[in-house]
Amino acid sequence: MHTSRFFEASKVFDNVTLISGLGGEQCYLVEGRERALLIDGLSGVGSLKSFVRELTDLPVQIVNTHGHVDHCGANFEYGECFIHPADIRLMYDHSDPEKRLGFAKSGAMFRPLPVEPTLEDVIPPRAVKTFPVYDGDSFDLGGVTLEVIGVPGHSFGTIVLLDRARRMVYSGDACNANTLLFLEGSASIEEYRESLLHFKSFQPEFDGMYGGHGPGPVPNIIIDEAIELCEEIIKGTDDQIEGSSIGRPCLYAKAKDDHFRRLDGKLANIAYSRENIRKQERRAR
Ligand SMILES: [Zn+2]
């Protein structure tokens, strides 16, 4: 375990390091023979770039699974990133230093923070050179290949990265125990279901997923459960538990406890809004 005031690092494979930020958000440094890929960039509170420099001598590039506040912070240090074009605007919308500081401070809900972060610690936003990534692209790191799978839902530009040799996916917030589908910029449940069916076509190639929050790896059957949930939501047969998330009302597809564990023991859950179930409803707004 390698730690700083702002970050904690632990190995998940000999060439893969999980790094978590103050808010509990997680990114992954994957090293090949020739270069390294940083999958997501946390919230940009503290210098992730210097922390990563302590972990590897390889040239490092950053790819974002999506454009949210807790995944793009280091873009403003590296000055460039790979991102799906549909999420570039989201990245800038979420670049506000107060917003990113607020996310880091929210980690105090789960554990006492090792440092009380201030605005001084936030990497200032700036223009970032964006290289587009699309479904079907791949990154060759020298002996390690990561393939891009588009899974629009949580955001329209959400991607995940598949390492076939490891039988592992780095999934950001694409599909987990608390997948948020009610956000501005989330796809409808119908569209998310289609994305999950595409994701499922790769399911024989991997066993688990390391995500942007919470412990991993999560078994790949979570995709089947999420597809099932989408179908129940579309039919109106899910639990429709009223709740709230990030200060806004939403519905949870399945009853859960305070730690986002489903009461029936299954893994997937979706937080959504009634207005964003059908594809055409979203387009009409
Ligand atoms: Zn997100």
Side-chain angles (χ1 to χ4, degrees), residues 18-28 38-45 48 62-76 81-96 98-107 109-110 125 128 130 133 148-161 169-189 191-192 195-196 199 209-216 218 222-223 226 229-230 243-248 250 252-253 260 267-273 276 282:
L18 184 169
I19 307 170
S20 56
L22 291 176
E25 77 278 28
Q26 299 173 156
C27 69
Y28 299 87
L38 184 61
I39 302 175
D40 283 334
L42 308 179
S43 60
V45 177
L48 182 59
I62 181 166
V63 61
N64 300 140
T65 58
H66 62 296
H68 283 155
V69 58
D70 46 335
H71 297 259
C72 291
N75 294 2
F76 306 113
C81 69
F82 289 90
I83 187 169
H84 191 288
D87 271 26
I88 294 173
R89 183 168 163 194
L90 198 55
M91 171 188 82
Y92 286 115
D93 284 351
H94 282 214
S95 66
D96 174 50
E98 295 272 5
K99 189 178 177 97
R100 291 189 282 128
L101 180 63
F103 183 87
K105 284 185 167 176
S106 73
M109 289 188 299
F110 311 109
V128 174
T130 52
V133 278
V148 175
I149 306 171
V151 190
H154 178 62
S155 70
F156 277 99
T158 290
I159 59 142
V160 303
L161 292 129
V169 162
Y170 301 94
S171 55
D173 298 348
C175 180
N176 54 42
N178 181 33
T179 309
L180 307 184
L181 265 292
F182 62 87
L183 307 170
E184 262 156 61
S186 295
S188 65
I189 297 294
E191 288 161 301
Y192 182 47
S195 300
L196 288 170
F199 192 8
M209 299 164 26
Y210 278 105
H213 307 272
V218 177
I222 194 169
I223 298 172
L229 284 186
C230 289
S244 68
S245 179
I246 57 168
R248 289 164 54 180
C250 63
Y252 288 96
F260 296 98
L267 302 169
N269 209 346
I270 296 175
Y272 68 100
S273 73
N276 199 26
R282 179 184 53 75

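Order of listing sets the numbers, starting from 1, for every ligand and every atom in it. Note that the numbering runs from 1 along the sequence shown for the chain.
Vertex the Zn ion (ligand 1); arms to His154 NE2 and His66 NE2; angle rounded to 10 degrees, 100°.
For Arg100 (side chain) and Ser95 (main-chain N/O), a donor-acceptor pair under 3.5 Å exists by modelled atom type.
Note on Asp173: its N/O/S atom closest to the Zn ion (ligand 1) is OD2.
Inter-residue side-chain proximity for His94 and Lys99 is flagged as met; some heavy-atom pair is nearer than 4.5 Å.
The nearest N, O or S atom of Asp70 is not closer to the Zn ion (ligand 1) than 2.8 Å. Taking 2.8 Å as the criterion, His68 counts as a coordinating residue of the Zn ion (ligand 1), since one of its N, O or S atoms falls below it.
Aromatic ring pairs are classed by plane angle as parallel below 30°, tilted from 30° to 60° and perpendicular above 60°; the pair His68 and His154 is perpendicular.
With no hydrogens or angles considered, a side-chain donor-acceptor pair links Asp70 and His213 at under 3.5 Å.
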